[in-house]
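The shown structure was predicted, so the numbers you read here are calculated from the model rather than taken from an experiment. Reminder, nothing fancy here: chain letters follow the sequence lines and each chain counts from 1. The figures here come from the full heavy-atom set of this structure, side chains too, leaving out hydrogens, waters and symmetry mates.
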Amino acid sequence: MKDYNLLWLMPLLPFLGSIVCGALHFATLSARKKNPEVGAGPGALAAPVAILAMVGSFVVAVTAFFKLKGLDAAGRAMGVESSPWHWIDMGPFSVDLSMVVDPLSAIMILVITGIGTLIHIYSSGYIKGDPGFAKFFAYLNLFVAMMLMLVLSSNLVGLFVGWEGVGLCSYLLIGFWYDKGWPAEAGQKAFVVNRIGDACFLIGAFLLIRLFGTLDASDIAAGVAGILENGEQMKDLGLAALLMFGGACGKSAQFPLMVWLPDAMAGPTPVSALIHAATMVTAGVYLIARMNPVYAACPDVLFFIGCVGALTAFIGATSAIRQTDIKKVLAYSTVSQLGYMFLGLSTGVWAAAVFHLVTHAFFKGLLFLGSGSVIHGMHHEQDMYKMGGLRKHMPKTFLTFMVGAAALAGLPLLSGYFSKDEILFLAFGHGGGYIVLWAVGLISAAMTAYYTWRMVALTFFGEERFDVDKVHPHESPTSMTMPLMVLAVLAALGGLLNLPHVLPGYGVMKHWLEPVTDLGTRVFEATGFVESHAGATTEWLLLALGAGVALLFSHLGFRRYLNGPEPDMADARRAPGLTGFLGNAWRLDGIFEIFILIPVRLLSEFISAIVDKLCIDGAVNGVASMAKLIGDDTRKMTTGSVKSYAVWMGVGAAALSLLLIWI
Amino acid sequence: MASPLFYALSAIAILCALGVVIARNPMQSVLNLLGSFVALAAIYLLSGFQFLAAAQILVYAGAIMVLFIFVVMLLNLTDREEGQPILMGLFNGRVIGSLAVFAGLAVSGLISTTGNFAAVDASAHGGDLDNMESLAGVLFSKYMLPFEAASLLLLATLVGVMLLAKRERSGSQDGGQA
Amino acid sequence: MNVPTEHLLILAAVLFSLGALGFLLRRNLIVILASVELMLNAANLTFLAGARAHSSVGPLNLDGPIFALFVILVAACEAALGLALVIAFYRQKQSVDIEAAAELRG
């Protein structure tokens, strides 16, 4: 369906909201200059404006979804599209940008605008009283606009605009409390690490232009078959796919570029929920799902993606076990869950990854918001060792958090159980090297259950380890608990979206996504790649195994930490090396320090001392002193006598004339 | 036939120009200049450039000359300027050097062009080499832009001269006295 | 008038040299300006000599006269501005001697 121009409204509304909120922020600043006691001032209007923009965007998303639902399979494959904007036109290469809602982007926009709206409402309670109230909503709205741009763009150029836009907003929001110092550094770290990925993305995009002559996603999908038949350019295609995955690694925090995500927790908690759990970090998954025909043509790259995903899942899960900061646990957990998504992508069943993306957005968004509620109630205390027993003080947060934790741990029948086991089942069923990935995934799942319930036990159970006289934990306002409850329902029931093959009413999302994923599936038929060999019996067995592992390790984690963090101290005494290693996330930061930062710093010192000071400064100063030397002698020519100037002018004119005559 | 007239006029022009250079009194200088202009105008006329001869008389001998004379009179200059005899200045090395360059230029230019010219046919185009109608046609088509630019130049000059000549009223800082 | 073009050019060269001489030798600003006018006239003469030479063997050449016309115009502007400057200079220095202006000595 063409020319559905309402779609442009979707990114435009939050964008306008962002501009209005920005203006409100400046209005607040000038009001505060006149009267420092003014408080929120005109900035208080920012929350309604931003939420309204989000609701509007959500409504458009829903209408677009139903428009798409009303179409037949062929129509869905085309998607609901706005009229194109001739953006770049330079001869053989042109870029027409339009907004497209196909089954894949439909899911993404519903998640982004839906969860985005909830988090906006939550933020209006969480960030209340902050001097940058309006600024926060300006950034948040801008982020949503960029994220929508990313998923709705019909081609990779528009996607890249959104890609960089969300990166910028992420930087701004991580460093939102920049006056504290370390959030600003964390923002820089995120930005710089992402730059590596973005450079890969760009080079991959250039390669794709060379291969296909276009960056339009549907044209690329159509062109893959031709390249497969030809066979000559397969190497280039594989390289492009690998580079694109490099970009995804940066944005979606995969090994080895995941080091920025735990630090990104320096930002306000709603930001962590929206950007660093639900939406932005899944952009890499979306990118690969969007480019699925390209990846389908390169099974080796797919397997590599699976290896990276499984390794990341394992590193994330093991690191989360030793964290004491509640948000850090969730951050490493996010890294780990993103690893699962890439493992899902690598099996060639794109829908499985998208399914986990959606359920993860539900339960991880819920957990982050819940932790935000805890932090809010504890007066910005994030250390779980100083919590405990909070279930009595904040019952709503406690209950919803429990639902999220159960989903994350993969307890049976909750959303995370179905989506994670689907991925593990596919990895197992694929056989070959994937069996190893499945084993790593299963171990990680066990640890996920363990660290999740450790977190719950430390936070909500046991005795109160904070100073009862000074800290009075309190339940958060309704604006914060309401989104928690909505998300809790979604996290609990999200599994219904895509039930396993063996259950009745299975695979709703898988069927919904077929118009998009069929592109890749057709390529698989050409390459002879089989997604899964396993049958129903295996699936039942694996479902049971997953449930058993989740229950067992949940129980272990919960029991062990029910009475406080002493087991951690005991572990540290028993194996100081290992616990330190895990607590510092495999010392990746240290490895980066030794192998990248120190060489870069040495190189910089060298360049600063030799190239800059000696060569460049030398050249500049040399030119200056040359000018001085020449000037010292030649200034005598400036006699001040007009006649001598005239003589020189005459001599010059004569010389020129001679040149003209004799040459 | 008309050649003797040309050479006579040339002699007048050159003598007058010499007068401009060596006259002690500025007024004499300026009047010599006038003679040179008139002689040149006559040469233009002889060469077939009637319109330019008229323009030469009107603009140079008329307007510009009046301006010069006016300024000389206004400043009431006498011959109190240069102390040393003017021709003594010729022995200044700098001047001799530059004159040598100019002379070399003139000689080399002539050498390089001698014989390259076709014989001059004085009767070509009825002896009217700047027919006003054709001149106007070219001026308002091919040279439209320079023409417009020239009008701007005149305007700018007008404004500039007014600004320069205006006496500073009061509170001047650059030393000009009221 | 069958004067060869060379003779016109020689006349122009002589006038130009005399103008240049005056410009370099004299110190009176008014005479210097007069010398400049002399040089401009010499340039005009070369333009017209060229136009005459071209017109005598081909179609009417109007570029030369047009240029001469523009030179006259520019000369008028130059004279007006130059004399205004002389007056301003005189007001400042009580003199029209160019050697009085040497503020830019390096």
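- Residues satisfying the side-chain contact (heavy atoms from CB on, under 4.5 Å) test with B:Y143, not counting sequence neighbours, are B:V138, B:L139, B:P146, C:D63, C:I66, C:F67, C:F70.
- Contacts between C:I32 and chain B at a heavy-atom distance below 4.5 Å are absent for every atom of the residue.
- Between B:A55 and C:L69, the closest heavy-atom pair is CB-CD1, 4.3 Å.
- Each of C:I72, C:L11, C:L48 has some count of heavy-atom pairs under 4.5 Å with chain B, and the biggest count is that of C:L48.
- Comparing B:A150, B:G160, B:A156 by how many heavy-atom pairs each has under 4.5 Å with chain C, the most go to B:A150.
- For a residue to count as touching a neighbouring chain, one of its non-hydrogen atoms must lie under 4.5 Å from one of that chain's; by this rule B:S10 touches chain C with backbone and side chain alike.
- Most heavy-atom pairs under 4.5 Å with chain B, from the set C:S55, C:A79, C:A88: that is C:S55.
- Screening residues 7-22 of chain B for salt bridge (charged side-chain N to carboxylate O under 4.0 Å, His left out), with sequence neighbours left out, gives no hits.
- Proximity to chain B is absent for every atom of C:A49, based on heavy atoms less than 4.5 angstrom apart.
- B:L18 touches chain C through backbone and side chain together, each having a heavy atom under 4.5 Å away.
- Across every non-hydrogen atom of C:N28 and B:P26, the tightest pair is ND2-CG, 3.3 Å.
- Interface summary for chain B: among C:L81, C:L60, C:I87, the most heavy-atom pairs under 4.5 angstrom belong to C:L60.
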